[in-house]
Number of protein chains: 2
Amino acid sequence: MDRRQKRTREAIFQAFTGLLSEKSFEKITVGEILERADVGRATFYAHFETKDFLLKELCEELFCHIFDSVSKPEIQHRHIFTCEEGDSVFLHLLKHLKNNDNNILKLLVGQNNELFLQYFKKGLLRLIKSQLSLFEERKSTILPEDFWINHIASTFVETVRWWVDHGMKESPETVAEYFSLAV
Amino acid sequence: MDRRQKRTREAIFQAFTGLLSEKSFEKITVGEILERADVGRATFYAHFETKDFLLKELCEELFCHIFDSVSKPEIQHRHIFTCEEGDSVFLHLLKHLKNNDNNILKLLVGQNNELFLQYFKKGLLRLIKSQLSLFEERKSTILPEDFWINHIASTFVETVRWWVDHGMKESPETVAEYFSLAV
DNA sequence: GATATTATTGAACACTGTATTCGGTATCGA
DNA sequence: TCGATACCGAATACAGTGTTCAATAATATC
């Protein structure tokens, strides 16, 4: 990939995430992105078909990064809720989020976070399904599987939303504890 | 209120909800609403400041209706999860939703439902808070109150979302059972 | 039933934002 | 150095929003 292309793409992402932490997606104009990224209009459209595609690609990049971090061999065999020999998968994710890479948390909060939460949940569903064998909970036998998986993932997302909405006062360990009690 | 005003307002709501069940809010143009409602452009803006205000007023009208139905004296003293002497509050809401008043379920599903779910959740939070004294669950003593209330409401919303997304095959009674087991 | 009031119409308008085009310029890889 | 290609920027077509106003129609009230 050409250096110019990388620089332009990165500048656009940078400007876009900055704007997203200030205002909702709908209110951001391509013009603002161009100005902040210092990029020509035609250049923008050479990289991204539309503003919506930009958002989509950003989401994919961010969550790919997040979920890659729990797909490492030494982590992925661990239980989602609890783990004796290190952080559970959920705790690992929480810590990762707390690092606030790429301002991802700013994007997960706010009014216009539906798309981000959607990507987050999609990744979680995949994660949970892939580790289904690790679950031996009572609920998995009583409730329909898809309801139950969906419930875990939703509670996961809502717990994070609650955490961030309240200023992330609690430690990742405390939130992980709340989650395992709630679910 | 003038008959003409009522007729116009109703026609706009009708056209709008119809369009909302077909496409997302952002993709609906005022022009489409006008055409379907058979109403002049100036008339529309005499009734609603903007397209966003229209959505807001529709939400308020719909959910006001829904939550009024569980605020009746004979219902509101009942427990949210279980009730010996009739339907629980949740079961009552599920039955009400199943009746599909005003196509509200079509609006709760689909891609662009975040605003509806937000209103739904807001109503639920108020409902749960107002009946806090009825809860004597173990979780309420272990978990922080706001986390716990938020968890109940979120699970409520996500359960309904799951139900609707899967075609509402289950009876309201079954879904109410799933909910009380999950939460 | 006559009349004053008020809602509605429809067309024209300014405005903002999207997405495309294209000739010229700067930067890159080899 | 040179050919390729990414970028610039200005112009442009286009779609949607929200406003205005004089003419018209429906309504409430007396």
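To find a chain, count down the sequence lines: A is the first, B the second, and so on, and within it residues start at 1.
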> Please report, rounded to the nearest Å, how far the P atom of D/dT19 is from the CZ atom of B/F44.
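Roughly 11 Å, once rounded to whole Å.
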> Need one value for B/D52: base, sugar-phosphate or nothing, where a base atom within 4.0 Å counts as base even if backbone is also close, heavy atoms only.
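No contact at all - B/D52 keeps every heavy atom at 4.0 Å or more from the nucleic acid.
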> At their closest point, which heavy atom of A/L55 faces which heavy atom of A/F16, and how far apart are they?
CA-CE2, 3.8 Å
> Could you tell me whether a side-chain N or O of A/S154 sits under 3.5 Å from a main-chain N or O of A/N150, the two making a donor and an acceptor?
yes
> Summarise protein proximity over nucleotides 20-30 of chain D in one line of letters, 5' to 3': B for base, S for sugar-phosphate only, - for none, counting protein heavy atoms closer than 4.0 Å.
BB---BBSS--
> Could you tell me whether B/K51 and B/E26 make a salt bridge, using a distance below 4.0 angstrom between a side-chain N and a carboxylate O?
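The answer is no: the pair does not qualify as a salt bridge.
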> Look at A/T43 and D/dC8 and indicate whether a side-chain polar atom (N or O) is within less than 4.0 Å of OP1 or OP2.
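So the side chain of A/T43 is within the cut-off, an N or O lying under 4.0 Å from OP1 or OP2 of D/dC8.
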> Rounded to the nearest angstrom, tell me the gap between atom CD1 in A/I12 and atom C1' in D/dA6.
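The distance from CD1 of A/I12 to C1' of D/dA6 comes to 12 Å, rounded to the nearest Å.
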> Would you mind reading off the distance between B/H47 atom NE2 and D/dT19 atom C1', rounded to a whole angstrom?
16 Å
> For A/F53 together with A/F48, are the ring centres under 6.0 Å from each other?
no
> Reckon B/Y45 has a side-chain N or O less than 4.0 Å from the OP1 or OP2 of D/dT19?
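For D/dT19, OP1/OP2 do not have a side-chain N/O of B/Y45 under 4.0 Å.
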> For the pair B/E32 (side chain) and B/T29 (backbone), establish whether a donor and an acceptor sit closer than 3.5 Å, ignoring hydrogens and angles.
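Yes.
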> Charged N to carboxylate O below 4.0 Å: is that the case for A/K56 and A/E49?
no
> Return the value, rounded to whole Å, for the distance between atom CD of A/Q5 and atom P of D/dT5.
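Whole-Å distance recorded here is 11 Å.
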> Could you check whether B/K121 pairs with A/E158 (Lys NZ or Arg NE/NH1/NH2 to Asp/Glu carboxylate O, under 4.0 Å)?
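Answer for the salt bridge query: yes.
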> Under 4.0 Å from a heavy atom of chain B: give me the 5'-most and 3'-most nucleotides of DNA chain C that qualify.
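Nucleotide range in contact with chain B: C/dT6 to C/dG10.
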> What is the distance, rounded to the nearest whole Å, between atom CD of B/E26 and atom P of D/dG16?
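Value for this atom pair: 14 Å.
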> By the 4.0 Å heavy-atom rule, please label A/T29 as base, sugar-phosphate, or nothing.
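The residue A/T29 makes sugar-phosphate contact but no base contact.
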> Is a salt bridge present between A/K122 and A/E60, judged by a nitrogen-to-oxygen distance below 4.0 Å?
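Answer for the salt bridge query: no.
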> Restricting to side chain to side chain contact (heavy atoms under 4.5 Å, CB included), what partner residues turn up for A/R7, sequence neighbours left out?
A/A11, A/V39
